[in-house]
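Please read the structure below before turning to the comments.
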Protein chains: 2
Amino acid sequence: MLVALLDGRALPASELAAIARVKPPTASAHLAQLVAGGLVTDRRIGRHRYFALAGPEVAGAVEALQLIAPRRAVTSYSQSATARRLAEARSCYDHLAGRIALDLADALVAEGAISPLDAGEPGRLHATDGPLGVRLRLGEVGDVGTTGVRSRRPEVRGCLDWTERRPHIAGRLGSHLLAVLLADGWVARVPGDRSLRVTAAGREAFAALG
Amino acid sequence: MLVALLDGRALPASELAAIARVKPPTASAHLAQLVAGGLVTDRRIGRHRYFALAGPEVAGAVEALQLIAPRRAVTSYSQSATARRLAEARSCYDHLAGRIALDLADALVAEGAISPLDAGEPGRLHATDGPLGVRLRLGEVGDVGTTGVRSRRPEVRGCLDWTERRPHIAGRLGSHLLAVLLADGWVARVPGDRSLRVTAAGREAFAALG
DNA sequence: CGCACGATTCGCTGCCGGGCGAAGTGTCGT
DNA sequence: ACGACACTTCGCCCGGCAGCGAATCGTGCG
């Protein structure tokens with residue numbers, strides 16, 4: 001777990017459990033000890049709990065131990081092919097995550113379509129008439145579903161991206177964006193995996209929009 | 001046990017058992033594991049068996065762990081007479097350690113000769129023209145050996161002093177300082193021991209320099 | 001040669017701590 | 001209001017390891 005956290009990212013408990021190949025209760029107990037011992041810090045966001053190394057001294061100790069530890073098959077998460085795909089683009093619940101999601105969020109903030117994002121906090125959808133707003137049909141975000149029932153889900157919400165430690169777009173807008181990107185064939189689901197593939201058409205379209 | 005070996009000395013099994021406050025069979029089993037794991041090397045001399053750290057990586061790992069470990073009362077070792085001598089002045093690999101090393105480091109920092117030390121981190125050698133810098137010939141530190149080969153060893157490095165838990169001077173400067181102090185007769189080696197004796201001349205010289 | 005001493009091996013005990021399934025808690029979304 | 005989900009707590013089992021006493025091995029010294 002500590003090795004997985006070496007690059008400074010914050011990872012949720014479930015992810016650390018999977019990396020360590022143990023069940024959630026075991027991971028929870030172990031993480032509790034790491035926190036009690038001051039090796040990692042935790043940050044609760046919604047129903048997730050993100051863990052990160054407590055400081056550079058801890059990272060130094062882990063690295064020093066790696067130097068004298070017998071080499072193990074580093075099937076470590078950070079270098080496998082699927083890990084790279086996940087870091088690039090993936091779905092997070094019903095919205096987009098990964099590098100591409102952050103780029104998209106930055107672009108929308110720059111266009112003035114949304115307020116700057118804060119992890120876990122609700123945001124506001126402002127102008128929907130910029131180039132991106134028109135192309136991505138942001139105007140439709142207001143009316144959710146056909147029931148006419150006003151959802152309590154905020155129209156925009158920041159959701160901490162665990163690969164980059166910055167918030168990407170969740171909420172109704174996040175859901176809408178993923179649906180549009182899938183419908184228009186810019187990204188495609190990869191079976192058996194949460195990762196998403198950016199299609200050739202998508203790559204072209206993103207480039208055209210800057 | 002590893003902490004006791006941090007200064008590079010080789011200690012017999014019985015000594016390590018006493019330091020760890022365990023009986024000989026326990027120490028023997030533990031040391032066997034340390035040897036098997038490649039953390040320490042052993043050397044049989046007569047009916048004794050001396051153990052030492054396997055290398056600087058191991059020392060680095062132990063030091064890194066000390067930085068994040070809660071402080072413990074180091075009771076056992078700190079009371080014997082030889083322990084007091086070791087705490088005062090000793091060699092650590094090829095450089096100076098102990099109280100005197102820390103005083104020297106503080107004085108050099110105060111004079112602006114070196115940047116404040118950080119355990120395990122490389123530092124910089126700045127002015128060499130202060131009273132201490134001139135007296136200790138810090139100007140010679142730059143040219144290492146006669147080969148002209150640029151050593152990758154940093155000119156200054158912080159090395160955690162296990163008696164005081166503060167960094168003293170290692171690196172090329174540390175090596176240089178010990179060589180100068182020995183050459184000028186300020187300190188002298190004590191046979192059969194890593195401890196150093198501050199000579200009368202040395203005491204006088206240190207006092208004169210503040 | 002025999003004793004003293006350092007170190008090791010053997011057998012045993014106590015216990016800590018990792019690991020899991022099942023059930024509970026809080027949050028999110030419909 | 002309700003179900004889904006992330007995480008935690010509880011209770012339990014089990015393996016392994018630290019630690020020791022007694023006996024053994026090997027070396028050095030008288």
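- We find the CG-CG distance between B/Leu65 and B/Leu2 to be 9.5 Å, quoted to the nearest 0.5 Å.
- When the C1' atom of D/dA18 is taken as reference, atom CZ of B/Arg21 falls 17 Å away, rounded to whole Å.
- For the pair A/Arg44 CZ and D/dC7 P, the interatomic distance rounds to 10 Å; values are reported in whole Å.
- Rounded to 10 degrees, the angle separating the terminal axes of the helix from C/dC1-D/dG30 to C/dT30-D/dA1 is 30°, with each axis obtained from five end pairs.
- Look at CG on B/Leu31: it is 7 Å from P on C/dT8, rounded to the nearest Å.
- Note: OH (B/Tyr50) to C1' (D/dT27) measures 13 Å, nearest angstrom.
- Summarising the geometry, the separation between CG on B/Leu11 and P on C/dA7 is reported as 11 Å, rounded to the nearest angstrom.
- Residues forming a ring-ring contact (aromatic ring centres under 6.0 Å, His included) with B/Phe206 (at least two apart in sequence, or on another chain): B/Trp186.
- Counting only heavy atoms from C-beta on, A/Gln33 has its side chain closest to C/dG18 among D/dT9, C/dG18, C/dT8.
- Residues passing the side-chain contact (heavy atoms from CB on, under 4.5 Å) test with A/Arg203 are A/Val198, sequence neighbours excluded.
- Using a 4.0 Å cut-off, no side-chain N or O of B/Ser28 falls inside it from OP1 or OP2 of C/dT9.
- Checked against C/dT9, D/dA6, D/dC20, the side chain of B/Lys23 finds its nearest nucleotide in D/dC20.
- Taking only distance into account, the side chain of A/Arg47 meets the base of D/dC5 through a donor-acceptor pair shorter than 3.5 Å.
- Residues in residues 175-185 of chain A take part in these salt bridge (charged side-chain N to carboxylate O under 4.0 Å, His left out) pairs, two or more places apart or across chains: A/Arg135-A/Asp184, A/Arg137-A/Asp184.
- Going from atom CD1 of A/Ile45 over to atom P of C/dC28 covers 11 Å, rounded to whole Å.
- Judged by distance alone, with hydrogens and angles left aside, the side-chain atoms of A/His30 form no donor-acceptor pair with the main-chain N or O of A/Met1 at under 3.5 Å.
- Taking the side-chain contact (heavy atoms from CB on, under 4.5 Å) definition, one finds that B/Arg43 meets it with B/Ile45, sequence neighbours left out.
- At the phosphate of C/dC20, OP1 or OP2 sits under 4.0 Å from a side-chain N or O atom of A/Thr26.
- Looking at the side chain of B/Ala13, the nearest of the listed nucleotides C/dT8, D/dC20, C/dG19 is C/dT8.
- With rounding to whole Å, B/His48 atom NE2 is found 9 Å from D/dC29 atom P.
- Of all nucleotides listed (C/dA7, D/dG21, C/dG19), C/dG19 comes nearest to the side chain of A/Val22.
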Hey, can you pull the donor-acceptor pairs under 3.5 Å for the side chains in residues 101-113 of chain A, sequence neighbours left out?
residue	atom	partner	partner atom	Å
A/Asp106	OD1	A/Arg166	NH2	2.7
A/Asp106	OD2	A/Arg166	NH2	2.9
A/Glu111	OE1	A/Leu132	N	3.0
A/Glu111	OE2	A/Leu132	N	3.4
A/Glu111	OE2	A/Gly133	N	3.1

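- Atom CZ of A/Arg43 and atom C1' of D/dA6 are 17 Å apart (whole Å).
- If A/Ala32 and B/Pro24 are placed on DNA chain D by their nearest nucleotide, the residue sitting closer to the 5' end is A/Ala32.
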